[in-house]
Amino acid sequence: MVKSPKVYIRDPGLTHALLGIETQEDLLGHPVVGGSWEGFCIENLIAAAPRGTEASFCRSSAGAEIDLVLKLPRGQIWGIEIKRTTSPKVTRGFHIAAEELDVSERILVYADEKDVPGQGGVRAMPLIGALARLSSE
């Protein structure tokens with residue numbers, strides 16, 4: 001497993017302004033919409049995490065990856081996948097990486113309003129639900 005930093009523009013408004021995206025309709029039709037959503041979610045999840053949490057992105061040499069790995073101060077490791085979809089599903093690579101890292105929480109943050117139990121111990125939830133779980137740790 002390769003643990004590495006990933007670069008995000010922390011302010012999605014700045015990203016949208018630089019790209020000339022002025023309306024929600026413009027954003028939804030732009031190829032940056034997924035990356036913008038991912039960056040927005042990651043920024044908020046890191047802000048909600050307990051002080052002392054280490055954040056990283058993990059990708060194996062075989063391509064298995066997790067968008068956000070959080071090592072909480074008590075040693076728990078959370079694997080968080082982020083998808084700009086209303087149909088929650090993680091890839092096989094997420095499960096492989098989660099097994100290799102021995103994550104204790106598997107979360108899929110997606111663009112809907114319901115908590116949905118998923119396969120392989122993954123819980124799909126809206127960003128607000130993930131923020132609430134993380135801030136209660």
Side-chain angles (χ1 to χ4, degrees):
M1 226 5 127
V2 176
K3 207 167 139 177
S4 64
K6 198 169 182 182
V7 176
Y8 293 95
I9 296 178
R10 295 178 65 150
D11 183 345
L14 178 60
T15 302
H16 302 163
L18 290 170
L19 293 171
I21 298 170
E22 296 180 1
T23 66
Q24 184 175 2
E25 189 175 306
D26 291 343
L27 176 61
L28 294 175
H30 198 282
V32 78
V33 68
S36 176
W37 169 251
E38 187 174 319
F40 174 77
C41 290
I42 288 171
E43 178 68 20
N44 282 279
L45 289 162
I46 290 171
R51 183 173 298 189
T53 298
E54 295 176 26
S56 63
F57 164 80
C58 280
R59 181 182 185 134
S60 73
S61 57
E65 68 177 50
I66 299 177
D67 291 333
L68 179 61
V69 177
L70 297 175
K71 183 175 181 185
L72 279 62
R74 292 190 216 153
Q76 303 154 297
I77 299 175
W78 288 28
I80 302 174
E81 188 69 11
I82 300 161
K83 300 284 184 196
R84 175 86 180 74
T85 180
T86 55
S87 303
K89 186 177 179 186
V90 295
T91 63
R92 185 171 163 265
F94 174 85
H95 292 291
I96 292 169
E99 286 297 319
E100 289 181 15
L101 291 172
D102 194 27
V103 302
S104 57
E105 288 285 332
R106 298 177 188 204
I107 296 174
L108 168 61
V109 174
Y110 77 118
D112 204 350
E113 299 176 6
K114 307 174 277 212
D115 271 20
V116 179
Q119 297 175 335
V122 176
R123 294 212 37 105
M125 61 185 65
L127 177 59
I128 192 87
L131 293 171
R133 280 184 61 106
L134 194 52
S135 63
S136 69
E137 281 299 312

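Sequential numbering from 1 along the given sequence is applied to the chain's residues.
- Separation of atoms OG1 (Thr91) and CD1 (Ile96) is listed at 8.0 Å; rounding is to 0.5 Å.
- Proximity of Leu134 to Thr53: side-chain heavy atoms (C-beta onward) are nowhere separated by under 4.5 Å.
- The same ILVMFWY cluster, assembled from side-chain heavy atoms under 4.5 Å apart, contains both Met125 and Ile46.
- Judged purely by atom type and a 3.5 angstrom limit, Asp11 uses its side chain to pair as donor or acceptor with the backbone of Gly13.
- Side-chain heavy atoms closer than 4.5 Å link hydrophobic residues (I, L, V, M, F, W, Y) into clusters, and following such links, possibly through other members, connects Leu28 to Val32.
- Contact between Asp112 and Pro126 at its shortest, heavy atoms only, is O-CB, 2.9 Å.
- Trp37 and Ile80 end up in the same hydrophobic cluster when Ile, Leu, Val, Met, Phe, Trp and Tyr side chains are linked at under 4.5 Å.
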Passes side-chain contact (heavy atoms from CB on, under 4.5 Å), Glu65 versus Phe94? Steps please.
CA-CA 6 Å; Glu65 68 177 50; Phe94 174 85; over 6 Å; no
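- Evaluation of the salt bridge (Lys or Arg N to Asp or Glu O under 4.0 Å) test over residues 115-129, restricted to residues two or more places apart or in two chains, returns Asp115-Arg123.
- Contact of the Arg106 side chain with the His95 side chain is registered, since non-hydrogen atoms from C-beta on lie closer than 4.5 Å.
- Considering all non-hydrogen atoms of both residues, Phe57 and Arg59 come closest at CE2-CB, 3.9 Å.
- Scanning all heavy atoms of the two residues, the minimum distance from Ala98 to Ile66 falls at N-CD1, 3.7 Å.
- Heavy-atom neighbours of Leu18 CG from other residues, nucleotides or ligands within 6.0 Å: above the threshold of 12.
- Taking CH2 from Trp78 and CG from Leu72, the interatomic distance works out to 6.0 Å, rounded to the nearest 0.5 Å.
- Residues Ile42 and Asn44 are not in side-chain contact: their nearest non-hydrogen atoms beyond the backbone lie 4.5 Å or more apart.
- Contact of the Asp67 side chain with the Glu38 side chain is registered, since non-hydrogen atoms from C-beta on lie closer than 4.5 Å.
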Leu108 and Val116: CA distance, side-chain angles, deciding distance, side-chain contact (heavy atoms from CB on, under 4.5 Å) verdict:
CA-CA 9 Å; Leu108 168 61; Val116 179; over 6 Å; no
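- Counting heavy atoms from C-beta on, the side chains of Glu81 and Val109 never come closer than 4.5 Å.
- When the shell of 6.0 Å around CZ of Phe40 is examined, it contains 12 or fewer heavy atoms from other residues, nucleotides or ligands.
- In this structure, Arg133 and Ile107 approach most closely via the heavy-atom pair NE-CD1, 4.2 Å.
- Closest of all the heavy-atom pairs between Ile77 and Val69 is CG2-CG1, 3.7 Å.
- Note on Ile82: it does not cluster hydrophobically with Val33, by side-chain heavy-atom contacts below 4.5 Å among ILVMFWY residues.
- In this view, Thr23 and Asp26 satisfy the side-chain hydrogen bond (donor to acceptor under 3.5 Å, both in side chains) rule, not counting sequence neighbours.
- The two residues Gly93 and Ala64 come nearest to each other via the heavy atoms O-CB, 3.2 Å.
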